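Here is the structure we will look at, set down as C-alpha cells.
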Amino acid sequence: MRIENDIKLGFKNVMIRPKRSTLKSRVEVSLLRNFKFRHTGKTWEGVPVMAANMDTVGTFEMALALAQHKAFTAIHKHYSLAEWKNFMQGAPPEIAQHIAISTGSGKADAEKLRMVIEQCPSLEFICIDVANGYSEHFVDFVKRTREAFPDKVILAGNVVTGEMVEELLLAGADIIKVGIGPGSVCTTRVKTGVGYPQLSAIIECADAAHGLKGQIISDGGCKVPGDVAKAFGGGADFVMLGGMLAGHDESGGELVEKNGEKFKLFYGMSSETAMNKYAGGVAEYRASEGKTVTIKYRGAVDHTLQDLLGGVRSTCTYVGAQSLKELTKRTTFIRVEEQHNQWFEE
C-alpha cells in the first residue's frame, strides 16, 4: 500500500481566470478543431463534443441532430446489424465523419463489429468501450482490432492515468477515453472505491497522449457548460457527455408521465436496468455500478446544444482564445471553495 499526497482536482475545485482579450463577441470564436490521427494519418474537422455511447444518449437520432452542428456521437452497441444497415442507407453520406460504432471486448462483440463494418464499410470510427481499461485482455483486444481494421480510427477506454494512455496508443488506439467514476449515473466510486478526479485525469492523460501524437476524450463529470469549458481548458481534445444530453427527443429512453409532468428514463450501462435489458440480469459475481433515474423531458436537443456551445464560446472570449485550440494555452485554473451563488436554487 502507498499514498500519493499531491492534490487531484475535479471540475468543482477550480475556475478559469479571465485574461485580457481582443475579441469583441462570441461570434468571433471558432469551436472547430482539426485532428490528424496517429495510426491512420486520417484527418477530422468538427466540433469535438460527443454524445456518450449509452442507449439513452448515443442513438441514431442523436447522431443526426448533432451532426447538424458538426458534433459527434458514439452510437451505443445494442443496435442490430439490420438497424445499422437501415440507418446508414438513409443517412446523409457525411454522417460517417460524425459517428463511431461501439463495441465491447468479447468474442461476440468482435464478430458483430466485423459484420457491421463489412455491411457498412463507410464507417470510419470504432469505439472500444469497457468500464476498466486496465486489463491485459482489453489491450490485446485493441491490438487485434487495429490489425483487423488498419484503416479505421479507434477510440478506446476508459482509463485515467498517463501510463495506460501510452500503452493503449502504442497498442493501436488513436483516441483514449478518460474517466473512471465521474458520470452522473455511475456508481463505480461508491461501489469499488476506485476513481480519479476528472480534471486531474484530463491534465495528466492529455500530456501523455499529446506526446505520442494521440488525442483524449474527457468522458463524464460535466454538469454544466462551464465544466465542458474546463475540460477543454485542461487539455481534452474531445468532451463526451451523457447526462447533459439525456432526456431529449433524440436521446432514447422511455418517456413516462408523473403528476402531469413528462420524464425520461436515464441509466448507466452498468446499472441493473441495463443488465436486465441486455444481459439477462446482474451476474452473481458482480454488483450493479450504475443508477437508474428519471429526468425531466427536455424536448429537442438543439436548444441544449446551442446553450452548451454558447457557454464554451463565452469562455473563449473571457480568456482571449479566438479558437477552441487556443483555449488550453490561455487557461489558468484557480483553486476555489465556492463556484456560484445558490441563493435562488431549490
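Values reported hereafter were calculated over all heavy atoms of this structure, with side chains retained and with hydrogens, waters and symmetry mates removed. Source: prediction; values computed, not measured.
The environment of Lys12 atom NZ is sparse: at most 12 non-hydrogen atoms of other residues, nucleotides or ligands sit within 6.0 angstrom. When the shell of 6.0 Å around CD of Glu257 is examined, it contains more than 12 heavy atoms from other residues, nucleotides or ligands. The environment of Arg26 atom CZ is sparse: at most 12 non-hydrogen atoms of other residues, nucleotides or ligands sit within 6.0 angstrom.
The backbone N or O of Ile180 lies less than 3.5 Å from no partner atom in the side chain of Asn158, so there is not a single donor-acceptor pair. The backbone N or O of Ser105 lies less than 3.5 Å from a partner atom in the side chain of His137, making a donor-acceptor pair. Between the Thr294 side chain and the Leu265 main chain, no donor and acceptor come within less than 3.5 Å of each other. Not one N or O on the side chain of Thr188 forms a donor-acceptor pair closer than 3.5 Å with the backbone of Gly181. Side chain of Arg33 to main chain of Gly46: no donor-acceptor pair is present (N/O by atom type, distance under 3.5 Å, no hydrogens or angles). Proximity of a side-chain donor or acceptor of Asn13 to a complementary backbone N or O of Gly10 within less than 3.5 Å is detected. Formation of a donor-acceptor pair under 3.5 Å by the Glu147 side chain with backbone atoms of Val142 is not found in this model. Formation of a donor-acceptor pair under 3.5 Å by the Ser102 side chain with backbone atoms of Ile75 is found in this model. Between the side chain of His39 and the backbone N or O of Ala173 there is at least one donor-acceptor pair closer than 3.5 Å. With hydrogens and angles ignored, the 3.5 Å screen pairs a side-chain donor or acceptor of Asp174 with a backbone N or O of Ile154.
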Test log, rule side chain to side chain contact (heavy atoms under 4.5 Å, CB included), inputs Phe149 and Leu113: CA-CA 10 Å; Phe149 305 104; Leu113 177 65; 3.8 Å; yes
Can you list the steps and then say if Thr292 with Val185 is a side chain to side chain contact (heavy atoms under 4.5 Å, CB included)? CA-CA 7 Å; Thr292 299; Val185 286; over 6 Å; no
Go through Asp6 and Lys8 one step at a time and tell me if the salt bridge (Lys or Arg N to Asp or Glu O under 4.0 Å) criterion holds. CA-CA 7 Å; Asp6 52 324; Lys8 305 298 180 186; 3.0 Å; yes
Would you please test Val178 and Ser218 for side chain to side chain contact (heavy atoms under 4.5 Å, CB included) and show each step? CA-CA 5 Å; Val178 172; Ser218 170; 5.8 Å; no
Using the side chain to side chain contact (heavy atoms under 4.5 Å, CB included) rule, take Phe125 and His98 through it: C-alpha gap first, then chi angles, then the decisive distance, then the call. CA-CA 9 Å; Phe125 294 82; His98 299 287; over 6 Å; no
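Contact check for Phe266 versus Ser251: no side-chain heavy atoms found under the 4.5 Å cut-off. Using a 4.5 Å cut-off on side-chain heavy atoms (C-beta onward), Leu241 and Val228 make contact. Counting heavy atoms from C-beta outward, Thr161 and Tyr196 have side chains that approach closer than 4.5 Å. Using a 4.5 Å heavy-atom cutoff, the side chains of Glu167 and Val139 are in contact. Between Thr43 and Phe35 there is no side-chain heavy-atom pair separated by less than 4.5 Å. Inter-residue side-chain proximity for Lys112 and Leu81 is flagged as unmet; no heavy-atom pair is nearer than 4.5 Å. Put simply, the side chain of His340 does not reach to within 4.5 Å of the side chain of Glu338, judged on heavy atoms. Within the 4.5 Å cutoff, no side-chain heavy atoms of Val14 are placed close to those of Ile334.
Across Arg38 and Leu212, no two heavy atoms sit closer than the pair NH1-O, 2.8 Å. Residues Ala206 and Gly234 come closest through the heavy atom pair CB-O, 4.5 Å. Across every non-hydrogen atom of Leu64 and Gln68, the tightest pair is O-CG, 3.4 Å. Here the closest non-hydrogen pair linking Gly311 and Pro225 is CA-CB, 4.3 Å. Minimum interatomic distance between Asp302 and Ala65 (heavy atoms only, all atoms of both residues): OD1-O, 4.4 Å. Between Val29 and Cys316, the shortest heavy-atom distance links the atoms CG1-CB, 3.7 Å.
Between atom CD1 of residue Ile128 and atom CD1 of residue Ile175 there is a gap of 11.5 Å, rounded to the nearest 0.5 Å. Considering NZ of Lys177 and SG of Cys205, their distance stands at 13.0 Å, rounded to 0.5 Å. Arg330 contributes atom CZ, which lies 15.5 Å from atom NZ of Lys325 (distance to the nearest 0.5 angstrom). Note: Ile16 CD1 to Leu327 CG = 6.0 Å, rounded to the nearest 0.5 Å. One finds the CG atom of Leu66 at 4.5 Å from the OG1 atom of Thr73 (value rounded to the nearest 0.5 Å). Of the inter-residue distances, the one linking Phe333 atom CZ with Leu199 atom CG reads 4.5 Å to the nearest 0.5 angstrom.
Residues Glu83 and Lys85 are not paired through a salt bridge, judged by the lack of any N-O separation under 4.0 Å between the basic side chain and the carboxylate. Of the charged side-chain nitrogens involved, at least one lies within less than 4.0 Å of a carboxylate oxygen, so that Arg114 and Glu111 count as a salt-bridged pair. A salt bridge between Lys264 and Glu254 is absent, with no side-chain N of the basic residue lying under 4.0 Å from a carboxylate O of the acidic one. For the pair Asp151 and Arg146, the salt-bridge criterion is not met [side-chain N within less than 4.0 Å of a carboxylate O]. Between Arg313 and Glu28, none of the side-chain N atoms (NZ, or NE/NH1/NH2) sits under 4.0 Å from a carboxylate O, so this pair counts as no salt bridge.
When the side chains of ILVMFWY residues are joined at heavy-atom separations under 4.5 Å, either directly or via intervening members, Ile95 and Leu155 end up in two distinct hydrophobic clusters. Linking ILVMFWY side-chain heavy atoms closer than 4.5 Å, directly or via other members, places Val165 and Leu170 in a single hydrophobic cluster. In the hydrophobic cluster analysis, where Ile, Leu, Val, Met, Phe, Trp and Tyr join through side-chain heavy atoms closer than 4.5 angstrom, Val224 is grouped apart from Val319. Ile217 and Val130 are members of different hydrophobic clusters when ILVMFWY side chains are connected at heavy-atom separations under 4.5 Å. Linking ILVMFWY side-chain heavy atoms closer than 4.5 Å, directly or via other members, places Met54 and Tyr297 in two distinct hydrophobic clusters.
Shown are His248, Met244, Glu61; of these, the side chain to side chain contact (heavy atoms under 4.5 Å, CB included) with Val301 is made only by His248. Put simply, the residue from Asp219, Thr59, Asp129 that forms a side-chain hydrogen bond (donor to acceptor under 3.5 Å, both in side chains) with Asn53 is Asp129.
Taking the centre of each ring, Phe87 and Tyr79 stay at or above the 6.0 Å mark.
Qualifying ring-ring contact (aromatic ring centres under 6.0 Å, His included) partners for Phe11, counting only residues two or more places apart in sequence or in other chains: none. For Glu261, the salt bridge (charged side-chain N to carboxylate O under 4.0 Å, His left out) test picks out Lys296, with sequence neighbours left out.
In this structure, Lys19 fails the cation-pi test against Tyr318, since its NZ or CZ atom is not both closer than 6.0 Å to the six-membered ring centre and inside 45 degrees of the ring normal.
Below 30°, between 30° and 60°, or above 60°: for Trp44 and Phe238 the angle between ring planes is between 30° and 60°, a tilted geometry.
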